[in-house]
Amino acid sequence: MSDNEAKSSSNFIKTIIAGDVAAGKNDSRVHTRFPPEPNGYLHIGHAKAIWINFSMAAEFNGLCNLRFDDTNPVKEEVHFIESIMEDIRWMGFDWDDRLFYASDYFPRLYDFAVQLIKMGKAYVCDLNAEEIRTYRGTLTEPGKNSPYRDRSVEENLELFERMKAGEFPDGSRTLRAKIDMASGNLNMRDPVIYRIMHATHHRTGDEWCIYPMYDFTHCLSDSIEGITHSLCSLEFEDHRPLYDWFLDQLGVFHPRQIEFARLNLSYTVLSKRKLLKLVDEGYVTGWDDPRLYTLAALRRRGYTPRAIRTFLERVGVSKRESVVAMADLEFAVREDLNKHAPRLMAVVKPLKVVLENYPEGQTEELDAINNPEDESAGTRKVPFSKVLYIERDDFMEDPPKKFFRLAPGREVRLRYAYFITCREVVRDDDGNIVELRCTYDPESRGGSSPDGRKVKATLHWVSAEHAVDATLRLYDHLFLVENPLATKEGEDFTVNLNPNSLEVVEGCKLEPAAGECVVGTTYQFERQGYFCVDSKDSSPDNLIFNRTVTLRDTWAKIAKSQQK
RNA sequence: UGGGGCGUCGUCAAGCGGUAAGACACCAGCCUUUGGAGCUGGCAUUCCCAGGUUCGAAUCCUGGCGCCCCAGCCA
């Protein structure tokens, strides 16, 4: 992490940890972990969990491990491991040499299970999945004991050993914890802790045909690693009694589980299932489509990790289920990019301007500031000549009140260049405006006039003969409504998709320096927004930029209110 | 009469018995060679509701109400 990111404000987890540290618990040591299952791509919701775990550790001079929770071979794939690690590193966090896998602990977990059996706290159950569900009871009625619940320790030991040896088919038996079939908490009704799965695991191969369940694995993995604070999301609150039970029964190191609310963002969806549908059904181009909020998409869109961290910091941590306004995230990127992004001039929808009194064939190199917020970014030269392009939206033949830009007879400033005055509007046969004939004031070179004359607008521009062509992808919210999941009966969230979430504009005219833009840095196209070279589709002879976010557009707001 | 959790500004969110931080959004103004940025000011007499305790309550107690999660051999 860099810069002086705002020190976090208070939150309940920090308060708890600080209390534990002050009380000398675990020798005042703080150790957390981020435990993803390698079965999908990370999104900004995971970024919150990553940030909480790593930053809590950092704040208390502790450590944070990366541990892949890989206990279900049929759902997990190696390629997710690499992408998850790449995303965490991109976010700016480092687990040093503390990369672990729950599968590393399979042998020890097996021993723990045997220990439980010997203590009479676990048994092999021959009920099938359907029967187990029936025996479990319902939310309001207690369950019934399995007929296999009272097998002898010896029989359990032998059967579990045979399960491990591969003597039984998938689903035929399970190892269950013997707790309480009448518990109000369904997780305590003799939960399954091992199931038979003749599946090849991406790390352990065919060494095992029985795999431990999450509840059993997670608490013990935390314990093995000496995790002091096991931070997870709210839905695991009901599992905490079970988390504690295993650790207490086995008498091992006992981390403290603390649950917090996951992140939700307006105008988008984050659940894996929803994202999968968008990708599978072609509503977006892939998991890294810049309209999505996966970390890969955010990266491709031009977001900086620092902006995301600041955003997370401001959002905070609590147990309240909430939806954070997309505007908060957008504010954070703008804020960061404003300070760090090099400026460039780019005309999205070009309108030709001919300066009638500018010498034919002449070219000047004008000085432009790379970043007004950062003097050390220096200056660059921008070529100027007789024929230019300005933004179509910067000219109106019959301007409404408060429109300060170019109009017939009006004078404006071309940024870093000259004052120009519109003299004539040229149309094609269909009446479309195709060109503006203007004059420039040679005395105003650089953008100010010796007589102190003021103009109300400054426009960006590009010299026609020096311009670099590019395609711009203008992204807008993927959904039209704050909560895409709120639909009428029988409707699917995809009805809320924004049909205009992507506008591709070809033939955009950029200043020459845009040809040197590199993948991985985001630039500000002055008066337009922040853009970055698309990491997948752009090439030197076919430049493609993605719009990260627009600049705040006060004029748009005024224009909109004038329409009403 | 199942269990667990949550209710503070439009949106997040501090606060932990001493008289409602901050951020975003919004509004007004200043400034400006990006209608960007920046700056200034405004924006909860009130904390889901009702009682109670107390000199004093968003904070404690009691009772309501509302919302979320749990019946995978998923995590």
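The structure displayed is predicted, hence computed values, not measured ones. So that the names make sense, note that chain A is the first sequence line, chain B the second, and so on, each numbered from 1.
Closest to the A/Thr140 side chain, of the nucleotides B/A75, B/G35, B/G2, is B/G2. For A/His239, whose side chain is taken as the heavy atoms from C-beta onward, the closest listed nucleotide among B/G4, B/A75, B/C73 is B/A75. Considering only side-chain atoms of A/Val315, the nucleotide from B/C12, B/A71, B/C74 that sits closest is B/C12. Here the side chain of A/Lys319 is nearest to one of B/G5, B/C70, B/G7, namely B/G5. In this structure, of B/C70, B/U34, B/C12, it is B/C12 that holds the atom nearest to the side chain of A/Ser322. Set against B/A75, B/G3, B/C27, the side chain of A/Asn185 has B/G3 as its closest nucleotide. For A/Glu37, taking side-chain heavy atoms from C-beta onward, the closest of the listed nucleotides B/A75, B/U34, B/C73 is B/A75. Nearest nucleotide to the side chain of A/Phe331, out of B/A25, B/G35, B/G5: B/A25. When each of B/G4, B/G15, B/G35 is scored by its nearest atom to the side-chain atoms of A/Thr15, the top-ranked nucleotide is B/G15. Relative to the side chain of A/Glu321, the nucleotides B/C68, B/A71, B/U11 differ in distance, and B/C68 lies closest.
Within the 4.0 angstrom heavy-atom criterion, only backbone atoms of the sugar-phosphate kind lie near A/Met213; the bases stay farther away. The residue A/Lys456 sits apart from the nucleic acid: no heavy atom pair falls under 4.0 Å. Looking at heavy-atom distances under 4.0 Å, A/Asp238 makes contact with a base. Contacts of A/Phe236 with the nucleic acid, taken as non-hydrogen atoms under 4.0 Å apart, include base atoms. Within the nucleic acid shown, A/Val317 comes within 4.0 Å of sugar-phosphate atoms alone, with no base atom in reach, counting heavy atoms only. A/Thr174 comes within 4.0 angstrom of a base, heavy atoms only. Residue contacts shown for A/Asn338 include a base, since a base heavy atom lies under 4.0 Å away. Here A/Leu127 lies in heavy-atom contact (under 4.0 Å) with a base. Residue A/Asp170 is out of contact with every strand shown, counting any heavy-atom pair closer than 4.0 Å. Using a 4.0 Å heavy-atom cutoff across all strands shown, A/Ala327 reaches sugar-phosphate atoms only and no base atom.
Projected onto RNA chain B by closest heavy-atom contact, A/Leu234 and A/Asn39 fall at different nucleotides, the more 5' of which corresponds to A/Leu234. Judged by closest nucleotide on RNA chain B, A/Ala182 is the one of A/Ala182 and A/Asp215 placed further toward the 5' end.
B/C49 and B/C9 have their P atoms separated by 10 Å, with the value rounded to a whole Å. A gap of 25 Å separates the P atoms of B/A37 and B/A44, to the nearest Å. Nucleotides B/G64 and B/C24 have their P atoms positioned 42 Å apart, rounded to a whole Å. Rounded to the nearest Å, the gap between the C1' atom of B/G7 and that of B/U46 is 16 Å. As rounded to the nearest Å, B/G52 and B/A57 have P atoms that lie 12 Å from one another. B/G29 and B/G36 are spaced 14 Å apart, taking the P atom of each and rounding to whole Å. For the C1' atoms, the distance linking B/A13 with B/C6 amounts to 14 Å, nearest Å. The C1' atoms of B/A50 and B/C16 are separated by 23 Å, rounded to the nearest whole Å.
Note on ring orientation: taking the six-membered ring where Trp is involved, the planes of A/Phe384 and A/Tyr440 are tilted (angle from 30° to 60°). Classification of the A/His218-A/Tyr243 ring pair by plane angle, with boundaries at 30° and 60°, yields tilted.
Using a 5.5 Å limit on the distance between ring centres and a 30° limit on the angle between planes, the aromatic ring of A/Tyr214 does not count as stacked on the six-membered base ring of B/A75.
No donor-acceptor contact under 3.5 Å links the side chain of A/Glu259 to the base of B/G4. Judged by atom type and distance alone, A/Arg240 does not reach the base of B/G4 through any side-chain donor-acceptor pair under 3.5 Å. Judged by distance alone, with hydrogens and angles left aside, A/Gln524 brings a side-chain donor or acceptor within reach of the base of B/U34, the pair sitting under 3.5 Å. Contact of A/Arg320 with B/U8 (side chain to base): a donor-acceptor pair of N or O atoms is detected under 3.5 Å.
Not one side-chain nitrogen or oxygen of A/Arg189 sits closer than 4.0 Å to the OP1 or OP2 atom of B/A71. Of the side-chain N and O atoms in A/Arg552, one or more sit less than 4.0 angstrom from OP1 or OP2 of B/A37. Distances shown here put every side-chain N or O of A/Arg262 at or beyond 4.0 Å from the OP1 or OP2 atom of B/C68.
The minimum heavy-atom distance linking A/Val323 with A/Leu265 is given by the pair CG1-C, 3.8 Å.
Geometrically, A/Arg173 engages A/Phe168 in a cation-pi contact defined by less than 6.0 Å to the ring centre and at most 45° from the axis. A/Lys319 forms no cation-pi arrangement with A/Phe260, by the criterion of a distance under 6.0 Å to the ring centre and an angle within 45° of the ring axis. A cation-pi arrangement is absent between A/Arg176 and A/Tyr123, since the terminal nitrogen or guanidinium carbon is not both under 6.0 Å from the aromatic centre and inside a 45° cone about the axis.
A 3.5 Å limit on both hydrogen-bonding distances identifies no Watson-Crick or G-U partner for B/U45. Base pairing of B/U1: no nucleotide in any strand meets the Watson-Crick or G-U wobble criterion (both distances under 3.5 Å).
Aromatic rings of A/Tyr110 and A/Phe160 (six-membered ring for Trp) have centroids within the 6.0 Å cut-off, being under it. Checked against the 6.0 Å centroid criterion, the rings of A/Phe100 and A/Phe68 do not qualify as a close aromatic pair.
Classification of B/G41 as anti follows from a glycosidic angle more than 90° from 0.
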